[in-house]
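Before any comments, here is the structure.
Whatever order the structure lists ligands and atoms in, that order sets their numbers, starting from 1. Fair warning: this is a prediction, and the values are worked out from it, not measured in the lab. Quick note: numbers below take in every heavy atom, side chains included, and nothing from hydrogens, waters or symmetry partners.
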Amino acid sequence: MQQTIRCSVSNCNYYGEGNYCQADAIVVHSDSAGHDNGMEQVTSSVTNNEVQSSANKSSETCCETFRPKY
Ligand code: SF4
């Protein structure tokens with residue numbers, strides 16, 4: 001099955017240009033703080049390729065599959 005994952009974490013090893021994740025599968029956990037801070041707006045900014053972000057470890061993202069780029 002073809003899948004498309006949009007993600008703004010540009011320093012992830014799996015991050016692809018245009019906010020496309022290149023991983024075959026990802027693991028995501030809930031982030032209740034995100035829902036309290038306008039998550040719908042964040043999601044549309046990611047899919048419109050308007051935002052990029054960075055993180056140091058997977059616990060700083062909602063994605064357990066995050067691996068920093070070398
Ligand atoms: S953080 Fe997760 S969803 Fe984003 S590019 Fe990395 S593996 Fe993909």
Among all residues two or more places apart in sequence or in another chain, which pass the side-chain contact (heavy atoms from CB on, under 4.5 Å) test with Asn56? Glu60
Glu17: partners by side-chain contact (heavy atoms from CB on, under 4.5 Å), with sequence neighbours left out: none
Given the rule in the side-chain contact (heavy atoms from CB on, under 4.5 Å) test, do Val46 and Val51 qualify, once you have shown the distances and angles that lead to the verdict? CA-CA 6 Å; Val46 171; Val51 290; 3.8 Å; yes
Which other residues belong to the hydrophobic cluster containing Val28, where Ile, Leu, Val, Met, Phe, Trp and Tyr are joined when side-chain heavy atoms lie under 4.5 Å apart, directly or via other members?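 So far as hydrophobic clustering goes, Val28 is joined with Ile5, Ile26.
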Does a sphere of radius 6.0 Å around CG in Asn48 hold more than 12 heavy atoms from other residues, nucleotides or ligands, not counting ones at 6.0 Å or beyond? yes
Protein N, O or S atoms lying under 2.8 Å from atom 2 (Fe) of ligand 1, listed by chain and number: Cys63 SG
Using modelled atom types only, decide if a donor and an acceptor are shared between the side chain of Asn11 and the backbone of Ala55 within a distance under 3.5 Å.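 Here the side-chain-to-backbone pair exists.
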